[in-house]
Amino acid sequence: MRYSEMFLPTMKETPSDAEIASHQLMLRAGMIRKLAGGIYSYLPLGYRVIRKVENIVREEMNRAGAQEVFMPAVQPAELWMESGRWAMYGKELLRVKDRHNRDYCIGPTHEEVITALVRDEIQTYRQLPRNLYQIQTKFRDEIRPRFGTMRSREFGMKDAYSFDATEQGAEESYRKMFDAYNRIFLRCGLHFRPVEADSGNIGGSFSHEFMVTADSGEDAIVHCASCSYAANLEKAEYPRPEEGKETDAPLLTLEKVHTPDVRTIEEVCAFLDVLPGDVVKTMIFMSDEKPVAVLVRGDEEINEIKLKNYLACDSLELAMDETILKVTGSPRGFAGPTGIKCRIIADYSLIGMKNFVVGANQEDHHIKNCNNERDFKISEYADLKIVREGDICPRCKGGIKIARGIEVGHVFKLGVKYSKAMNATFLDSDGKEKHMIMGCYGIGIGRTVAACIEQSHDGDGIVWPIPIAPFHVIITPVNVNDEKILKFAEDLYRSLLEAGVEVLLDDRDERAGVKFKDADLIGIPLRVTIGPKGLAEGVVEIKFRGSGKIERIPVEKVSVFIEEIIAEA
RNA sequence: CGGGGCGUAGCGCAGCUUGGUAGCGCGCCUGCUUUGGGAGCAGGAUGUCGGGUGUUCAAAUCACCCCGCCCCGACCA
């Protein structure tokens, strides 16, 4: 490609509405332009990178035995009513009507369509397993799109769906996708880590998120410094502490104290001169319309996902003020476990606590020196807290660390959730009709590209890894008005093209500085600089974008030198 | 949806407090010079000041309404 002919509008200045590096650089490097909130066009340079990633994904999916299909973006509401998600999905589902006033949605995902397709065509276990995937545009009407293509409303996604006859088969399908994802992100040159994710009511560890580690990531990754344990924050476990480690401190006398207008943990600590670790927080939740009191040590927070899974309920939310009044007998801010009229669940953090402070279930009062067994009774302990840096690893008792990450992929075992709702069955070898066991596997293509830039850029611009770089090489003749220079550049260009190297020839009549800046900005891995001094000595310079290293190569060896580097990568 | 901020030329911004000719830098066009890290000089083009309504002799500027965008919280690839 000739730069002079390419639609590649780079920007010297950073657009003010772009916050993170990848968004700024994608705009500046002429990869994307915004059409509306969370909706972007890819320009030639950006789309080349998208296609590179797509092709890596495609190759690895095919290698893993999945087959490519292409499903509609517009989907009839009936399908979504069958699965129950027309009502459940909420405002993120973009709903439209056609001229006959029939309801449709723009697909945010394709479980419904694929399940409908497969149930009509697969009748017997002999046709299983099957894994079908597509690379397609999705639309999710995000509450708050942000960070360019990192979280857009319209985005390209690879979504795969597996169908199996047996549990073992489903686990095998899952493992194949898990392995394929590792290969894909490795090939994209990313530093990433698969982490255990919450799998809702499916259970087990059959959900992993692939996280690219980056400080700008929106997700917290919990991982162990000593072993390979890694999970996202919602899923991260805290091990049950060993019992019998209580101090011998005597139980002190229960004491009710007047604490006017003291509600939060901070206020309680300041007022009573105690530490958050000496206080027990009592939170009232509504679990499927029933109140539950949840206790946690004052310096910890409740993980609502873990609580919801523990309660195995459909809905969970913090109780309204009127419910709190009914259950505790006092307004918000003074709840405690003593004499409360509902189920009580305690986080493991309460194990071993003595003489702690709790709400008195009476307005403007707290209780000091409260103790389990003596003053109230905890019947259930569970792992309910949000894991923090420095906590104990649930696998090896090592130290927990927390890092930031960008979720670029997700593998999930669905079980029979959709096959049951939509009646996707097959006839098994025992002559019985059974539901297919499904899995779904997604990769955000645009997000993967953005994540790569987050991870690989410097003050001058993007630094592409060779496998997804829009071009391998940029040839920079420092002066196109010098015939010798231009001729050499043109010859090298043709020779590299013939060798199958993806090369951009910067044939613009610009000053060298401008060309260097643009080459750095768009991040091409190798730059060949052709200048008068070098040519006179019979050499050209090759600059490596990543390391900044410069090599002087004799003119007759340049083409081969480059071809070898590209072939290695 | 709640809280905060912004909207003036393609991009980055000033002007608004205190109403009166719409400006600066970059980019763009023409010419000459220049040519190894975003050149210099000279000339030039470009705006329904986000939209509407109101106040006023007069509105980018004041008031009200609407729209869009960005940031912080609940969702997700």
Side-chain angles (χ1 to χ4, degrees), chain A residues 9-20 23-24 27-28 30 33-39 53 57 88-93 108-110 135-160 181 184-185 197-198 207-212 217-219 232 234 304-305 317-318 405-412 440-451 459-461 476-482 485 506 508-521 527 529-535 540-541 543 548 550:
Chain A
T10 57
M11 288 188 260
K12 202 189 276 189
E13 283 169 294
T14 303
S16 59
D17 56 0
E19 188 80 358
I20 60 170
H23 188 194
Q24 293 173 349
L27 288 166
R28 287 190 55 209
R33 286 293 182 265
K34 182 166 71 181
L35 181 64
I39 301 179
V53 173
V57 168
M88 293 297 291
Y89 213 97
K91 289 188 175 167
E92 220 171 276
L93 186 66
T109 175
H110 279 66
I135 297 172
Q136 198 237 18
T137 300
K138 306 283 189 247
F139 194 94
R140 295 182 188 173
D141 203 354
E142 289 277 349
I143 298 164
R144 187 152 86 82
R146 59 185 128 171
F147 302 150
T149 63
M150 189 78 87
R151 176 188 296 278
S152 49
R153 294 194 293 171
E154 184 173 305
F155 61 99
M157 175 173 161
K158 185 283 301 178
D159 46 326
Y181 274 39
I184 287 166
F185 296 122
D198 175 54
S207 175
H208 286 86
E209 291 170 347
F210 284 77
M211 298 290 221
V212 168
E218 295 185 78
D219 299 291
N232 72 15
E234 287 91 55
E304 290 193 32
I305 306 277
E317 52 195 12
L318 274 168
I406 301 162
E407 183 189 352
V408 290
H410 195 170
V411 292
F412 198 99
C440 67
Y441 317 93
I443 291 178
I445 304 290
R447 185 180 284 185
T448 300
V449 171
D460 292 320
T476 308
V478 296
N479 184 352
V480 292
N481 298 314
D482 180 322
I485 291 175
D506 195 348
R508 294 176 299 168
D509 185 7
E510 287 286 356
R511 297 168 65 84
V514 173
K515 296 186 180 191
F516 293 154
K517 289 287 184 190
D518 275 333
D520 288 344
L521 177 61
R527 187 184 85 204
T529 312
I530 302 163
K533 284 169 257 169
L535 268 198
V540 297
E541 281 169 19
K543 181 164 185 179
I550 295 173

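Letters A, B, ... mirror the listed sequences (proteins, then strands); counts begin at 1.
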Classify the side chain of A/Asp219 versus the base of B/rC76 as yes if they form a donor-acceptor pair under 3.5 Å and no if they do not.
-> yes
Report the distance from atom CD of A/Glu19 to atom C1' of B/rG12, rounded to the nearest whole Å.
-> 16 Å
Name the nucleic acid region contacted by A/Asp159, choosing base, sugar-phosphate or nothing; use a 4.0 angstrom heavy-atom cut-off, strictly under.
-> nothing
Check: A/Arg146 side chain, A/Arg151 main-chain N or O, donor-acceptor pair, under 3.5 Å | no
Watson-Crick or G-U wobble partner for B/rG7, using a 3.5 Å limit on both distances?
-> B/rC67
Under 4.0 Å between any heavy atoms, over every strand shown, what does A/Glu209 touch: base, sugar-phosphate, or nothing? Just pick one.
-> nothing
Between A/Thr529 and B/rG36, does any side-chain N or O lie under 4.0 Å from OP1 or OP2?
-> no
Contact class for A/Ile443 vs. all strands (heavy atom < 4.0 Å): base, sugar-phosphate, or nothing?
-> nothing
For A/Pro9, which contact category applies under a 4.0 Å heavy-atom criterion: base, sugar-phosphate, or nothing?
-> nothing
Are any of A/Ser16's side-chain N or O atoms less than 4.0 Å away from OP1 or OP2 of B/rC13?
-> yes
If you check every side-chain atom of A/Arg144, which of B/rG73, B/rC70, B/rG38 has the closest atom?
-> B/rG73
Under a 4.5 Å cut-off applied to non-hydrogen side-chain atoms, are A/Lys543 and A/Thr476 in contact?
-> no
5'-most by nearest nucleotide on RNA chain B - A/His410 or A/Pro15 = A/Pro15
So does A/Arg447 reach the base of B/rC76 with its side chain, donor to acceptor, closer than 3.5 Å?
-> yes
In whole angstrom, give the distance that lies between atom CG of A/Asp482 and atom P of B/rU35.
-> 12 Å
For each nucleotide in nucleotides 39-46 of chain B, reading 5' to 3', give B when a protein heavy atom comes within less than 4.0 Å of its base, S when such contact involves only the sugar-phosphate, and - otherwise.
-> B-------
Are the side chain of A/Tyr181 and the backbone N or O of A/His208 linked by a donor-acceptor pair below 3.5 Å?
-> no
Could you check whether A/Gly37 gets within reach of a base, just the sugar-phosphate, or nothing at all, counting any heavy atom under 4.0 Å?
-> sugar-phosphate
To the nearest angstrom, the CG-P distance between A/Asn232 and B/rA77 comes to 11 Å
Sugar-phosphate, base or nothing in reach of A/Thr109, heavy atoms under 4.0 Å = nothing
Looking at every strand, decide which applies to A/Thr10 at a 4.0 Å heavy-atom threshold: base, sugar-phosphate, or nothing.
-> nothing
Cation-pi check, A/Arg447 onto A/Phe155 ring (under 6.0 Å, within 45° of axis) | no
With both distances under 3.5 angstrom, what nucleotide forms a Watson-Crick or G-U wobble pair with B/rG38?
-> none
Please determine if a side-chain N or O atom of A/Lys34 lies less than 4.0 Å away from the OP1 or OP2 oxygen of B/rC70.
-> yes
Sugar-phosphate, base or nothing in reach of A/Arg28, heavy atoms under 4.0 Å = base
Ignoring hydrogens and angles, tell me if any N or O in the side chain of A/Lys158 forms a donor-acceptor pair with the backbone of A/Val57 under 3.5 Å.
-> no
Separation of the P atoms in B/rU21 and B/rA39, to the nearest angstrom = 37 Å
State the NE2-SG distance between A/His410 and A/Cys440, to the nearest 0.5 angstrom.
-> 7.5 Å
Measure distances between side-chain N and O atoms of A/Glu510 and base N and O atoms of B/rG38, and say whether any donor-acceptor pair falls under 3.5 Å.
-> no
Provide the distance between the two P atoms, one in B/rU61 and one in B/rC6, to the nearest whole Å.
-> 15 Å
Spell out yes or no: do the side chain of A/Arg151 and the base of B/rC75 have one donor N/O and one acceptor N/O closer than 3.5 Å?
-> yes
Between CG of A/Leu535 and P of B/rU35 the distance, given in whole Å, is 17 Å
Can you tell me, in whole Å, how much space there is between the P of B/rG12 and that of B/rC69?
-> 15 Å
Span that lies between the C1' atom of B/rC29 and that of B/rA9, in whole angstrom | 15 Å
Flag the pair A/Arg140 / A/Met157 as yes when at least one side-chain heavy-atom distance between them is below 4.5 Å, and no otherwise.
-> yes
Evaluate the side-chain proximity of A/Asn232 to A/Asp219: yes if any heavy-atom separation is below 4.5 Å, no if none is.
-> no
Specify the separation, in whole Å, of atom CD1 of A/Ile305 and atom P of B/rA74.
-> 11 Å
State, yes or no, whether a side-chain contact exists between A/Arg28 and A/Thr14 at a heavy-atom distance under 4.5 Å.
-> yes
For A/Lys158, which contact category applies under a 4.0 Å heavy-atom criterion: base, sugar-phosphate, or nothing?
-> nothing
Record whether the side chain of A/Glu13 comes under 3.5 Å of the base of B/rG27 through a donor-acceptor pair of N or O atoms.
-> no
Would you check if A/Glu154 and A/Thr137 make a side-chain contact, meaning some heavy-atom pair closer than 4.5 Å?
-> yes
A/Phe210 CZ to B/rC76 P, straight-line distance once rounded to whole Å = 19 Å
In the structure shown, which nucleotide is the Watson-Crick or G-U wobble counterpart of B/rG43, with both distances under 3.5 Å?
-> B/rC29
Given the P atoms of B/rC41 and B/rU34, what is the spacing between them in whole Å?
-> 15 Å
Would you state whether a donor and an acceptor, one from the side chain of A/Asp518 and one from the base of B/rG38, lie under 3.5 Å apart?
-> yes
Is A/Tyr89 touching bases, backbone alone, or none of the nucleic acid, heavy atoms closer than 4.0 Å?
-> nothing
Can you tell me, in whole Å, how much space there is between the C1' of B/rA59 and that of B/rU17?
-> 15 Å
When rounded to whole Å, the CZ to C1' distance for the pair A/Phe139 and B/rC75 reads 14 Å
Could you please name the partner base of B/rC24, counting Watson-Crick and G-U wobble pairs only when both distances are under 3.5 Å?
-> B/rG12
A/Arg33 and A/Pro9, any side-chain heavy atoms less than 4.5 Å apart = yes
In Å and rounded to the nearest 0.5 Å, what is the NZ to CD distance from A/Lys515 to A/Glu510?
-> 7.5 Å
Hey, does A/Arg33 reach any base, or is it just sugar-phosphate, or nothing, if we go heavy atoms under 4.0 Å?
-> nothing
If we call it a pair only when both distances are under 3.5 Å in a Watson-Crick or G-U wobble match, what pairs with B/rU17?
-> none
With RNA chain B as reference, determine whether A/Ala36 or A/Arg527 sits nearer its 5' end, using the nearest nucleotide of each.
-> A/Arg527
Look at the side chain of A/Arg146 and the base of B/rG73, then say whether one donor and one acceptor between them are separated by less than 3.5 Å.
-> no
A/Lys91 near the nucleic acid: base, sugar-phosphate alone, or nothing, with a heavy-atom cut-off under 4.0 Å?
-> nothing
Distance between the C1' atoms of B/rG4 and B/rU46, in whole angstroms?
-> 34 Å
Has A/Phe155 got its ring stacked on B/rA77, by the test of a centre gap below 5.5 Å and a plane angle below 30°?
-> yes
Atom CD1 of A/Ile530 to atom C1' of B/rG36: distance rounded to whole Å?
-> 13 Å
Using purine N1 to pyrimidine N3 plus N6-O4 or O6-N4 for Watson-Crick, or N1-O2 and O6-N3 for G-U wobble, each under 3.5 Å, what pairs with B/rC62?
-> B/rG54
Nearest-nucleotide pick for A/Val478, side chain only, options being B/rG36, B/rG37, B/rC71 | B/rG36
Which nucleotide, B/rG36, B/rG38, B/rC76, lies nearest any side-chain atom of A/Ala512?
-> B/rG36
Interatomic distance at C1', B/rC57 relative to B/rG51, whole Å | 25 Å
